[in-house]
Amino acid sequence: MSSSRMPWRTRAATALLAVLAGIGASAVPGPALAAPPSQNTGQTVTYHGYRIEVPADWQVVNLAENPRACLRFDRPAVYIGEPADQNDCPARVVGRTAGIIVEPIIARSAGQVTAETARAQRGKATVPAAVSGNDTIRVAVEDAGVLVTAAHTPATERLVRGVLGSAKLTAGARRTELPRAAQRSAAAQRSAAAPLAAAGPQPGSYLGKGFDACTAPSQAAMNAWQATSPYSAVGVYISGSFRGCAQPNLTASWVTNQTGNGWRLFPIDVGRQAPCTSYSLKMSADPATAKSQGVTAAAGAISAASNLGIPAGSAIYSDIEAYTSTASCKAAVLSYLSGWTERLHSSGYLSGFYSSAASGIKDAAGEYDNSAYTRVDHIFYAWWNGAADTNTGTYVPADHWSNHQRIHQYVGEVTESYGGYSINIDRDYLDVGTGAPPQPGCTGVNLNFAAYITVQSGSTGDQVKAAQCLLKTAGYDPGAPDGVFGPATTTATRNFQTSRGLTADGGVGPKTWTALLSRGSTPTIQNGSTGESVTRLQRALTAALGRAVAIDGDFGPGTEQGVRDYQSSRGLSVDGVVGPATWGALQSGK
């Protein structure tokens, strides 16, 4: 598996460097300018009146001259101009250094705007506090009419923020505002969950051929391939700190259109790699830390899926490239996948695992029944034997992941053409089915209390056990719920608090209790509603209000009054109905 890939990547890197040297070394004409490096310390790049200083060794790619250039981040580069609908990308680019795309604000680019997108103020070209999601910072500079996308790794974030911080507006800047639809979308996502756009969970139940490509194809290409190719499923790289290709086409509208047209999607996340590889972004060799890193990766993937309208019930596949297995490396990978799986399950998603059949998949199969690890729901394995089936040979026993839980990548890195559109792809064969992720439960642990007291390091008792159970079901494992608040529980609490934007003090007080107790599905409920969601609401209200709300699963007048009091005290619309805004506030610990 890996031996067939690495030489190709080396050849591709050499070829692309030669191409980039030809298109990026000279000054760019027209509105895009690349000035010569100043004393070998940097170079100035200007587009649409937006000017930044980038390191001298970065390639500058003018998309007006080469619109089909692959927007890839596995070597430092800045891309200026409007990307073509279809880019010439290899099927797989794994790895990331740093890169920036500066493109005009038009309807297509505005589709990439999410709640995390920062907007520069009038007269400004920078947003110092811009949020990074999945190691990507996106800033709309409307005074220059550009959308800036900056990709980085943890090691290069400071460098990339420095480049963004150097931005200035020039006399050539002309204001173009984001379309109102994009502004409304971002505002809506701040106040509620993104609307579901996909036609059901992905990939759902499907038997047949599919393909994956580094960047989501254009709508025209997808239409042409749907009409004439043998494929009905497509793998898309939605998230991950090590995702190598930009995704100019991948928006919620794209997801809506493809699934509405009958395509099945299998979402892929490219995050930390095995510690026994030479990749620059690796998971820790310490299993506990690796598991925490898997939780963090899953949280980013869930956020990306939500922004794209890929709903709970879908499977998301963690891409861990081939590695030479050792006992410690195997333990780290399977611990990472345990955290990945538990966090996905806590939000109702299925977990998938992509790797070489000979390394990662074989390791996972070897520990299939080991309760020390949480088993993934689907396997997606690279075995380039040319057979369009889900046979795993000697790598995985036939009775493992045998209930429509397999994807076989059977041919890699081939270019195919249909309807006049050529794409470099990996060929896949899917036998997948729908299924609810197994939810870790709190059977036998009391969660109902008339008051939720603050518990912290050194505390003991039933409320500690309840907190431990809730942390575990949320994907932050404190170990077995034993009622003793020790170091593992403190760490799990801090990680959970960080994920919710709460003060990470390691103690479970009113805000943390509220976020833990309310976690789960968010149906609209009101007077007359009954069931588990009402019970969660009543527990959360008891913690948030500091007074007892009867916990009986029946939404009656007392619960309605508690909801109204909570809404009033948190500045929400006071209607006694628990919808997205009220659930969102509770689950944020407000």
Quiz prompt | Closest contact, heavy atoms only, Pro523 versus Trp583 | solution = O-NE1, 2.8 Å
Quiz item: Between Val445 and Cys469, what is the shortest heavy-atom contact and its length?
Solution: CG1-CB, 4.2 Å
Under 3.5 Å, is there a donor-acceptor pair between the side chain of [X] and the main chain of [Y]?
X	Y	result
Glu560	Gly556	no
Gln202	Arg264	no
Arg536	Ser518	yes
Glu82	Ile106	no

Do the ring centers of [X] and [Y] come within less than 6.0 Å of each other?
X	Y	answer
Phe496	Tyr476	yes
Trp225	Phe211	yes
Phe380	Phe266	yes

Does the pair [X]/[Y] count as a salt bridge with the N-to-O cut at 4.0 Å?
X	Y	result
Glu342	Lys291	yes
Lys472	Asp477	yes
Arg138	Glu116	no
Asp85	Arg108	yes

Exercise. List the steps, then state whether side chain to side chain contact (heavy atoms under 4.5 Å, CB included) holds for Arg243 with Ile268.
Key: CA-CA 9 Å; Arg243 182 174 59 164; Ile268 306 166; over 6 Å; no
Quiz item: Distance from Asp552 atom CG to Thr535 atom OG1, nearest 0.5 Å?
Solution: 7.5 Å
Quiz item: Regarding Arg564 and Ser568, is there a side-chain donor-to-acceptor distance under 3.5 Å anywhere?
Solution: no
